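In what follows, a structure is listed as structure tokens, so that the remarks can point back to it.
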Amino acid sequence: MKFFKSHLALLVWRIILLYVVLMLCRLLFYAYNSTLMGEIPFSEWWSLVCGSFKFDTVSILYANALFIIMSLFPLRLRERRWWRRIKFWYYVVVNAVLLVVTNLADAIYFHYTQKRFTADEIFFADNDNSAMLVLKFAAENWYIVLVGVAFIIMLVAGYWRKTREWGMFSGVGYYIYSTLIFIAAIGLSIGGIRGGFTKMTRPITMSNATLYTADNMRATMILSNPFCILRTIGSSGKISYEKYFSDEELASIYSPEHCPVEKLSAAELEGRNVVMFVMESFSAEHSALLRPDLYEDKQQKGYTPFFDSLMRQSYTFYNMYANGRRSIQALPAVWASIPSYKNPFVLMPQAMADTRALPAILKDKGYRTMFFCGSDHGSMGFGAFARTTGIEHLYSRQDYEKQHGKDDFDGYWGIWDEKFIGYMGEELQKSTEQFFATIFTLTSHHPFVVPEEYEGKLPEGLTPNHKCVAYVDQAVGKFFARYENEEWFKNTIFVFVADHVSSEQFSDVFRSSPGSYQVMGFIHAPESSLVGEHHQVVSQVDIMPTLLGLLGNEEPYFAFGRDIFGEVEAEPISVSYDNNMFQAITAEHLVLFDEHRVVAVYSKDDIRHENNLLGKVDVSDIERRMKAMIQSYYSRIEAKDYLVRN
């Protein structure tokens, strides 16, 4: 009986309690995100538990390394009351924050981004509205807060603070025994953090989760924090990639260097202004035109009536895919045709190298370059990246409020979209030179609120975001109605593209890839012949090359996308990085690639990813092109080389 009160037994019990708490956090994670993950087959449960145990071990050891050392320190110092008090508070506070709070918050965060919280997200914690948004999320998910409190109480009660720790030996035996246990614990901890004890074992990474399930969504459930955060700290500066081809062979398969040889007939648009709307969370799911199959049995015919009408007068992409799930990934893709894979490009140190993006090319042709975003000046790093791409003039919430007062702040992100889009129109109206302007909309984002005067006047919809989407749709309609007869408006190319899909979906199609990447995208050029339907796969990175082609550009340029009118590709694909796996979206399939081999091929109709077609469908050409694109991307990142070589 005395053994069970020994310092070793108590330590083992306290560590076991952490495993229990983490597993409960994971069950809540699944319950909160079950609509995204779907039902887990019974045959996978044991594999998921084994994988979870491995990642939880690393998280527990990361968080409790000092606690373990203090508990097993081979001196009688550990029996002092003040020493035991420090241990108790370390155990409760550190595990409450790093294991309970972080993992429960991760459940909520995952619902909106479909990725675990990593070191990259720390970049956004510096925004002035962060505290307000955290409080808003906590209020909306009060029951998770209560569960978190209950878990912390479990840690306090289960610690057995009042129990006196007994030594198993006395005299010299005490120190020999304690030292051996201490050394053994260090060895076990090293093995636990690495994920094994053999020489062949490499420290586990987030991608190891796919060893326990082929489904990316379920793989994310295996992960736990602080593993995800600590494993990604500093990773944005470290470039490690596979070299599949020699330089000569790589160049023959794929190159991001484009050398236009002649102007296309579409160059009737040469010399036009360009206005780009990057629309927050505008999934293709919102549109009855893009996805009529989702509205056949519903009274509401989509939530974008103005956009649906405008798309019929435009060149519309019926299969447009985002490069990622986060806003910070969209701007490099649409402005510079540079994707983000494992890490957002703009957060990588290598992003500071010279680029010649679309705004810079147009600026050198005499365009005035502008970026409008109704959030605070410098918010989310958008303005800083805009500067690096050649955008000279930034317009933020502060600029708006200098002219229109402070009554139009939405209380969370920035100026209401209708007001700020109108403000952009006022500034464009003043321009006496050609211009390139981009606006990043904000309102169709959590916490999904609209101005008071529109409450009850917009369709509530099937998701919390639908009334916001309808509001933005109406706001853009008012902008068009106000300026469509102006000469500058008629001489403008309007590009509409979403930054990523909405966190709120009503159809199963949009809860898993590729649906979870399909966004709204189209080009509208008033009084031109640029009208039609494009049903091939198109990616955000194709926007810059396509615009340059439409504008009659003859300058060589650097881009990972293609000019859809001027560059023929056997089978267009959209390549992105989804939950530790590269994926290629083709006309008919979703191809998953783990950096070494293709591990799964699913029909686009197989939304639950239940029937792996690997070996039944020939995707060798897709695999070859993915390898070439990935190697080309990382070799350029490593060299900080985003220019056309002479």
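Values in this document were obtained by computation on a predicted structure and should not be read as measured data.
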Under 3.5 Å, is there a donor-acceptor pair linking the side chains of D473 and T304?
no
Using a 3.5 Å distance criterion without hydrogens, assess whether the side chain of S528 forms a donor-acceptor pair with backbone atoms of A525.
yes
Would you please say whether a donor-acceptor pair under 3.5 Å links the side chains of E426 and H404?
yes
Whether the side chain of S337 engages the backbone of G561 through a donor-acceptor N/O pair (distance < 3.5 Å, no angle test) should be reported.
yes
Less than 4.5 Å apart, side chain to side chain, heavy atoms only: is that true for F522 and L310?
yes
Under 6.0 Å between ring centres: does that hold for Y483 and W488?
yes
Taking all heavy atoms of D417 and all of T441, pick out the closest pair and write down the distance.
OD2-CB, 3.3 Å
I'd like to know whether V476 forms a side-chain contact (heavy atoms from CB on, under 4.5 Å) with I421, so could you lay out the CA-CA distance, the side-chain angles of the two residues, the decisive distance to 0.1 Å, and finally the verdict.
CA-CA 7 Å; V476 177; I421 293 171; 3.9 Å; yes
Mind checking whether F480 and F306 have ring centres under 6.0 Å apart?
yes
Check whether D499 reaches the backbone of V278 with its side chain - one donor and one acceptor, N or O, closer than 3.5 Å.
no
Using a 4.5 Å cut-off on heavy atoms from C-beta on, say whether the side chain of E285 contacts that of S502.
no
Ionic contact status for K365 with E270, cut-off 4.0 Å:
no
Heavy atoms, side chains only, cut-off 4.5 Å: are T438 and F372 in contact?
no
Centre-to-centre under 6.0 Å for F565 and Y315, is that the case here?
yes
Within the side chain of D542, is there an N or O that forms a donor-acceptor pair under 3.5 Å with the backbone of R562?
yes
Closest non-hydrogen atom pair, M629 against I573:
SD-CD1, 4.2 Å
Are the charged groups of K342 and E595 less than 4.0 angstrom apart, N to O?
yes
Counting neighbours of NZ on K640 that are heavy atoms of other residues, nucleotides or ligands and sit closer than 6.0 Å, is the number greater than 12?
no
State, with a plain yes or no, whether a side-chain heavy atom of F558 is found less than 4.5 Å away from one of P256.
yes
Which residue, Y303, F448, Y471, forms the ring pair (Phe, Tyr, Trp, His ring centres under 6.0 Å) with H466?
Y303
Exceeds 12 heavy-atom contacts within 6.0 angstrom, atom CD of E453
yes
Is it true that a side-chain atom of D563 and a backbone atom of E567 form a donor plus acceptor pair closer than 3.5 Å?
no
Indicate the atoms forming the closest heavy-atom contact of Q313 with H524, along with that distance.
O-ND1, 3.5 Å
Lys NZ or Arg CZ of K402 over Y400 ring: under 6.0 Å, within 45°
no
Tell me whether the rings of Y557 and H258 are parallel (<30°), tilted (30 to 60°) or perpendicular (>60°).
parallel
List the steps, then state whether side-chain contact (heavy atoms from CB on, under 4.5 Å) holds for L530 with L550.
CA-CA 10 Å; L530 188 63; L550 291 173; 3.9 Å; yes
State whether the side chain of Q429 and the backbone N or O of G425 hold a donor-acceptor pair below 3.5 Å, judged by distance alone.
no
So do I391 and F382 actually touch side chain to side chain, heavy atoms under 4.5 Å?
no
Begin with the C-alpha distance, continue with both residues' side-chain angles, and end with the deciding distance and a verdict on salt bridge (charged side-chain N to carboxylate O under 4.0 Å, His left out) for D578 and R325.
CA-CA 9 Å; D578 181 74; R325 297 182 186 272; 2.7 Å; yes
Between F496 and F277, is the ring centroid distance below 6.0 Å?
yes
Counting distance only, does the side-chain N/O of S513 pair as donor-acceptor with the main-chain N or O of S516 below 3.5 Å?
no
E392 backbone acceptor or donor facing T369 side chain under 3.5 Å
yes
Only one of F560, Y642, Y577 clears ring pair (Phe, Tyr, Trp, His ring centres under 6.0 Å) with Y633; which?
F560
Using distance alone, with no hydrogens and no angle criterion, decide if H446 and E140 have a side-chain donor and acceptor under 3.5 Å apart.
yes
What do you reckon, are the aromatic ring centroids of F489 and F494 less than 6.0 Å apart?
yes
Is the F440 to F371 ring centre distance short of 6.0 Å?
no
Verify whether one side chain among S283 and Q505 offers a donor that lies under 3.5 Å from an acceptor in the other.
no
Could you tell me whether the side chain of T546 and the main chain of I564 form a donor-acceptor pair under 3.5 Å?
yes
Any side-chain donor-acceptor pair under 3.5 Å between Y367 and N273?
no
Would you tell me whether S576 and N323 have side-chain atoms, one donor and one acceptor, within less than 3.5 Å of each other?
no
Any donor-acceptor pair under 3.5 Å linking the side-chain atoms of Y254 with those of Q631?
no
With a 3.5 Å cut-off and no angle check, do the side chains of H393 and R368 form a donor-acceptor pair?
yes
Do you know the tightest heavy-atom contact between F420 and S396?
CE1-O, 3.7 Å
Report, as yes or no, whether the 6.0 Å neighbourhood of atom NZ on K419 holds more than 12 heavy atoms from other residues, nucleotides or ligands.
no
Between E280 and T443, do the side chains contain an N or O donor and an N or O acceptor separated by less than 3.5 Å?
no
Backbone N/O of G271 and side chain of Q434: donor-acceptor pair under 3.5 Å:
yes
